[in-house]
Amino acid sequence: MTRPVRVRIAPSPTGNLHVGTARAALFNYLFARHHNGSFILRVEDTDKARSLPEYEQNIYDGLRALGLQWDEGPDVGGDYGPYRQSERSEHYTNAAMALLKAGLAYYTDDTDAELEAQRNAAKAAGKPYVYRQHREATNGSLRFRIPTPYTTLVLNDAVRGHVSFDTELLGDFVILKSDGCPTYNFANVVDDSAMAISHVIRGEDHISNTPRQLLMYDALRAIGYSDAPTPEFAHASMILAPDRSKLSKRFGATAVADYMTQGYLPEAFCNFLALLGWSPPDGNEFGTLEELAKKFTLDRISKSPAIFETDKLNFFNKHYIKELNTDTLYERVSPYIDLMALGMEYTPEQQALLLEAIREPLVTLTDVTEATPYFFGQDVEIPEALKADVLNTPDAATVLHAFANQWPTWDKTSPDTIGAELKALMKSLKPLKPKNIMWPIRTATTGRTSGADLATTLYLLDTGLLGNNRVAHRVQQALAHCPMTSTT
RNA sequence: GCCCCGUUCGUCUAGUGGCCUAGGACACCUCCCUUUCACGGAGGCGACAGGGGUUCGACUCCCCUACGGGGUACCA
């Protein structure tokens with residue numbers, strides 16, 4: 001209880017950093033920070049066949065992108081290393097041999113076919129499959145013997161309360177595969193003991209593993225291999241896809257990296273993730289990692305599964321984009337915009353103005369791709385539908401002619417002066433509604449009916465380094481799509 | 001099949017026997033503001049899975065059913 005808080009995230013590099021893993025990491029991180037403890041990254045690469053270095057790298061990148069920096073780990077070191085299970089084999093062999101010597105584990109040499117047959121037999125008999133030693137062996141895989149007499153194990157979970165398990169239903173499980181590699185249930189416990197992990201915060205999918213691990217902690221202590229107390233456990237519920245199924249590729253993006261490339265801000269993603277299965281005591285849903293850590297406690301983790309819906313993620317992303325200062329916005333948006341063209345067409349001041357003008361409706365960073373094209377080049381493409389609906393009307397002709405005539409005389413020193421001129425124009429065209437004046441002008445100059453503030457847009461188009469009187473040019477071109485009649 | 005967990009508005013959730021005519025957020029709808037769109041402001045729609053108990057009183061406690069999820073691997 002009083003021992004230092006040490007928590008860990010223990011991903012296996014068999015895939016890119018998954019949303020579920022990221023949330024587990026986040027909860028552990030928040031808990032560690034809340035208690036001034038340590039957050040450890042341990043790579044569980046015992047599945048040689050499926051573990052890949054690029055996945056490990058992806059996990060590092062994803063965690064770091066989210067701001068979840070670990071205090072100890074394979075790449076940063078620490079007092080309890082190494083932090084990659086493939087480099088800790090002697091720990092597992094030593095522990096396993098000690099268990100074997102103490103009679104708590106034994107070798108089995110069943111073939112895959114035999115195991116399969118045993119399972120099928122149990123199934124046919126309608127009985128639960130429970131592996132028990134049925135013959136002596138001197139090599140093969142090493143199994144842990146479930147201690148007798150069988151009892152009922154009670155796990156006191158920090159989020160679920162008391163959960164009990166009947167050990168009779170637990171089969172003797174493999175701790176060392178026949179290739180000498182440890183299995184998850186074993187390596188996990190050996191390492192958590194060795195690394196003095198105080199709290200295990202993980203997904204509900206691990207709850208069925210817990211009784212085996214509980215037994216293993218006891219056994220390791222019983223044989224004097226370890227004196228580490230069993231950690232506290234907290235099992236958070238799963239994150240599900242909208243159809244309540246497991247979050248899988250079928251759902252779309254399941255990797256954190258995918259969300260980053262889709263233009264989600266790390267701070268937005270973290271904030272959103274934190275609220276999936278946890279709720280702040282004060283009801284304030286916004287918060288930086290630091291702020292959330294201050295409020296984070298295990299007892300507010302939810303027991304029921306949460307569905308991953310992007311609506312709220314989008315909301316958070318909009319919110320955090322709004323809060324970015326111009327420089328950061330420029331930086332964040334740079335992967336999605338043609339910086340070269342931007343630099344060639346606009347001065348730094350104009351670039352800032354442009355970014356501010358388009359920031360409002362951005363949901364994801366990638367949206368800049370859609371929001372900026374009309375700021376570049378001489379001409380603008382106007383969709384056929386808009387030519388027909390907006391430009392091909394007598395009102396549009398009136399507006400655009402009036403605008404074309406006045407434009408050369410306008411005070412174009414700033415967006416504000418242009419705004420004032422626009423206002424005056426609207427007044428002079430009085431019976432016409434603002435909307436019917438704004439739309440044709442916007443459509444003619446940008447090829448859209450919505451977008452950045454019109455006055456700012458006109459200002460930028462007019463003063464951009466390209467010069468060439470783009471506004472007048474585009475309006476002239478648009479006029480071609482207006483009815484010829486009212487040439488006032 | 002067996003074991004474990006869960007079930008409050010469409011979604012994330014608050015709620016630990018009376019404060020609940022069930023609160024908030026997102027989404028959606030309406031109105032207002034407005035130089036279009038957006039933003040912002042004000043409203044609206046909308047839930048305790050079902051059935052039995054226990055209790056003076058159940059969203060809250062117990063049991064059953066249904067549904068969902070997890071596990072049942074020499075994957076983690």
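Quick note on labels: first sequence line is chain A, next is B, and so on, each numbered from 1. Note that the coordinates shown come from a computational prediction; the quantities given were computed from them, not determined experimentally.
The base of B:C74 is not paired with the side chain of A:Thr183 by any donor and acceptor separated by under 3.5 Å.
Here A:Arg300 reaches the OP1 or OP2 of B:G15: one of its side-chain N or O atoms lies under 4.0 Å away. Residue A:Lys177 places at least one side-chain N or O closer than 4.0 Å to OP1 or OP2 of B:A76. Between A:Arg244 and B:G69 there is no side-chain N or O to OP1 or OP2 distance below 4.0 Å. Listed pair A:Thr46 / B:A76 meets the phosphate criterion, a side-chain N or O lying under 4.0 Å from OP1 or OP2. Taking side-chain N and O atoms only, A:Ser208 has no distance below 4.0 Å to OP1 or OP2 of B:C3.
Nucleic acid contact for A:Lys123: none, since no nucleic acid atom lies under 4.0 Å from a heavy atom of the residue. A:Asn209 comes within 4.0 angstrom of a nucleotide base, judged by non-hydrogen atoms across all strands. Nucleic acid contact for A:Lys246: sugar-phosphate only, since backbone atoms but no base atoms lie under 4.0 Å from a heavy atom of the residue. Nucleic acid contact class of A:Ser12 (heavy atoms, under 4.0 Å, all strands): sugar-phosphate only. Among the atoms of the strands shown, none is found under 4.0 Å from any heavy atom of A:Asn436. Residue A:Gly277 is in sugar-phosphate contact alone, with no base atom involved, counting any heavy-atom pair closer than 4.0 Å across all strands shown. Here A:Ser164 lies in heavy-atom contact (under 4.0 Å) with sugar-phosphate atoms only. Residue A:Gly283 is classed as having no contact, given no heavy-atom separation below 4.0 Å to the nucleic acid.
Atom CZ of A:Arg119 and atom P of B:A73 are 5 Å apart (whole Å).
Shown here, B:C61 forms a base pair with B:G53; the pair counts as Watson-Crick or G-U wobble because both key distances fall under 3.5 Å. In this structure, B:C2 and B:G71 make a Watson-Crick or G-U wobble pair, each of the two defining distances being under 3.5 angstrom. Here B:C28 sits opposite B:G44 as a Watson-Crick or G-U wobble pair (both hydrogen-bonding atom distances under 3.5 Å).
Residues A:Phe286 and A:Phe316 bring their aromatic ring centres within 6.0 Å. Ring centroid separation for the pair A:Phe272 and A:Phe308 comes in under the 6.0 Å cut-off.
Ring geometry for A:Phe403 versus A:Trp410: interplanar angle over 60°, hence perpendicular rather than tilted (30 to 60°). Using the six-membered ring where Trp is involved, A:Tyr106 and A:Tyr131 have ring planes that are parallel, under 30° apart on the 30 and 60° scheme.
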